[in-house]
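These notes are about the structure you will find just below.
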Amino acid sequence: MLVNIWEGGVARQEAERFREIWDIRGPILLDENAEYAERLGIRGVPTNVLVDADGTVVGVGLTRLDELEAAVDRLLGR
C-alpha cells in the first residue's frame, strides 16, 4: 500500500498521475496534511514504511535495498 503526502490541494490528482506513470495497482492513501508522516518522523520522500499483519509499523526508512530485504525477511520469519 502507498501513502501519498505533501501534495497540497491536488493530492488526489497527483496520486492518480503517479499511479498511471508507474502502473501501480492497489490502494494509495492520502495524507494531505502530512499528519501520519509527522507521527512516523518522516522528513523526506520517498520513504519505505514496513507494516506487519497487525498494522504495527516495524520499519521506517529502509532506503537501501539490503536494509529493506533484511527487514522483510525478519517480518516473514526468515
Fill in the blank from the handout: Rounded to the nearest 0.5 Å, the CZ atom of F18 sits from the CD1 atom of I28 at a distance of 7.0 Å
Practice task
Please check if L50 and L76 belong to a single hydrophobic cluster, counting links between Ile, Leu, Val, Met, Phe, Trp and Tyr side chain heavy atoms closer than 4.5 Å.
Solution key: yes
Problem - Main-chain N/O of T56 paired with D54 side-chain donor or acceptor, under 3.5 Å - result: no
Practice task
Using the side chain to side chain contact (heavy atoms under 4.5 Å, CB included) rule, take Y36 and I5 through it: C-alpha gap first, then chi angles, then the decisive distance, then the call.
Solution key: CA-CA 9 Å; Y36 187 65; I5 60 174; over 6 Å; no
Exercise for the section: Please report the C-alpha distance between L75 and V58 in whole Å, then the side-chain angles of each, then the deciding distance to 0.1 Å, and finally whether the side chain to side chain contact (heavy atoms under 4.5 Å, CB included) criterion is met. Expected result: CA-CA 8 Å; L75 184 63; V58 296; 4.0 Å; yes
Exercise for the section: Go through the steps to decide whether V57 and V49 satisfy the test side chain to side chain contact (heavy atoms under 4.5 Å, CB included), and finish with yes or no. Expected result: CA-CA 7 Å; V57 174; V49 178; 3.9 Å; yes
Exercise for the section: Measure the CZ-CG distance between R17 and N4 for me, rounded to the nearest 0.5 Å. Expected result: 10.0 Å
Handout entry: Exam field: side chain D31 to backbone E35, donor-acceptor pair closer than 3.5 Å
Key = yes
Practice task
To the nearest 0.5 Å, tell me how far L62 CG sits from E69 CD.
Solution key: 11.5 Å
Exercise for the section: Answer yes or no: is there an ion pair linking E16 with R19, defined by an N-O contact shorter than 4.0 Å? Expected result: yes
Problem - More than 12 heavy atoms from other groups under 6.0 Å of CZ on R39 - result: no
Problem - Interatomic spacing from CD1 in I21 to CD in E14 - rounded to 0.5 Å - result: 8.0 Å
Exercise for the section: May I have the step-by-step check of side chain to side chain contact (heavy atoms under 4.5 Å, CB included) for I42 and V60, ending in yes or no? Expected result: CA-CA 8 Å; I42 295 172; V60 176; 4.0 Å; yes
